[in-house]
Novice: 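The structure that follows is given in the form of structure tokens.
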Amino acid sequence: MKYCYYDGLKQLGHTSLSSKCPRMTTLSELKEIFRSADAVCFDVDSTVIKEEGIDELAKFCGVGDAVAEMTRRAMGGSLTFRAALSERLSLIRPSREQVQALITEHPPRLTEGIRELVRKLHQRNVQVFLISGGFRSIVEHVATKLDIPLGNVYANRLKFYFNGEYAGFDESQLTAESGGKGKVIGLLREEFGLKKIVMIGDGATDMEACPPADGFIGFGGNVTRQQVKEKAKWYITDFEELLRELDSDSIKMNHNDIFY
């Protein structure tokens with residue numbers, strides 16, 4: 001049976017990651033990296049939006065409890081990210097129509113302050129990327145609401161047969177791999193010539209993307225991941241803190257422009 005793609009995502013080549021960790025930065029140094037970054041990458045589930053996309057899709061398809069239990073078991077095991085994703089999707093088996101209905105009937109809810117933060121970053125000519133282990137169809141919807149170019153979206157894409165039935169997911173995408181977010185950031189650095197990249201997210205996979213990201217900011221505004229809270233040098237619970245940081249930088253810049 002032939003299948004077609006529902007989500008259009010360009011093929012991503014593998015990129016080598018540096019195994020050399022940067023020296024430990026202080027909080028003040030990390031804040032300086034954020035203020036001077038030329039790119040900021042956001043995780044999506046439980047960071048840019050309030051929900052976890054795969055959990056919402058599972059509930060919508062009537063297998064929420066079973067997938068939640070599967071997730072709990074996978075957390076304590078040795079499954080790779082790709083294997084865990086494959087197992088859960090095999091249970092959900094979402095059709096193209098169900099995915100479209102989920103987005104229409106239960107659109108993802110933006111986290112408070114993210115719209116203003118992305119707008120502020122764009123005003124400063126900072127590139128904003130969404131890097132997610134979730135599904136491109138949902139992430140594209142989020143990107144559109146935030147005026148983020150769809151070319152700046154890196155996420156997994158579902159596959160469907162021509163009759164709309166579930167046909168699997170594209171396992172060739174970097175975001176389908178363990179350590180995939182870091183690989184995407186390495187690719188962005190090479191493709192766009194980016195000098196300073198900051199990753200923001202709630203999970204361990206986001207924290208592990210630094211390096212190659214130059215800085216990581218842990219986010220606990222929707223859910224608290226204890227490991228991230230304990231290990232992140234800069235841990236925030238709302239995006240207002242980052243907006244204030246950028247505003248304080250603007251005040252300093254304006255003050256420096258005053259001639260006496």
Novice: Can Lys120 and Asp247 be counted as an ion pair, charged N to O under 4.0 angstrom?
Specialist: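 Yes, charged N to carboxylate O under 4.0 Å.
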Novice: Is Asp214 paired with Arg189 through a side-chain N to carboxylate O contact shorter than 4.0 Å?
Specialist: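 Salt bridge flag = yes for Asp214 with Arg189.
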Novice: Angle class for the Tyr154/Phe129 ring planes (parallel below 30°, perpendicular above 60°, tilted otherwise)?
Specialist: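 Rings of Tyr154 and Phe129: tilted, as their planes differ by 30° to 60°.
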Novice: Hydrophobic clustering (ILVMFWY, side-chain heavy atoms < 4.5 Å, transitive) - are Val223 and Ile236 grouped together?
Specialist: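 Cluster IDs for Ile236 and Val223 differ.
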Novice: State, yes or no, whether a side-chain contact exists between Asp147 and Val118 at a heavy-atom distance under 4.5 Å.
Specialist: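 No, side chains not in contact.
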Novice: Between Val99 and Phe160, what is the shortest heavy-atom contact and its length?
Specialist: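 Heavy atoms only, the tightest pair is CG2-CZ, 4.0 Å.
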Novice: What heavy-atom pair brings Ala101 and Phe60 nearest, and what distance separates the two atoms?
Specialist: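 Looks like CB-CZ, 3.7 Å.
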Novice: If I compare all heavy atoms of Ala232 with all of Met207, which pair ends up nearest, and what's the gap?
Specialist: N-SD, 4.2 Å
Novice: Taking the six-membered ring for Trp, is the centroid-to-centroid distance between Tyr161 and Tyr166 below 6.0 Å?
Specialist: no
Novice: Could you tell me whether the side chain of Cys41 reaches within less than 4.5 Å of the side chain of Ile197, counting heavy atoms only?
Specialist: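 Yes, close enough: below the 4.5 Å cut-off.
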Novice: Under a 4.0 Å threshold between the charged nitrogen and the carboxylate oxygen, would Arg82 count as salt-bridged to Glu171?
Specialist: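 Salt bridge between Glu171 and Arg82, a charged N being under 4.0 Å from a carboxylate O: yes.
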Novice: Closer than 4.0 angstrom, basic N to acidic O: yes or no for Lys159 and Asp170?
Specialist: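 Between Asp170 and Lys159 there is no salt bridge, as every charged N stays at least 4.0 Å from the carboxylate O atoms.
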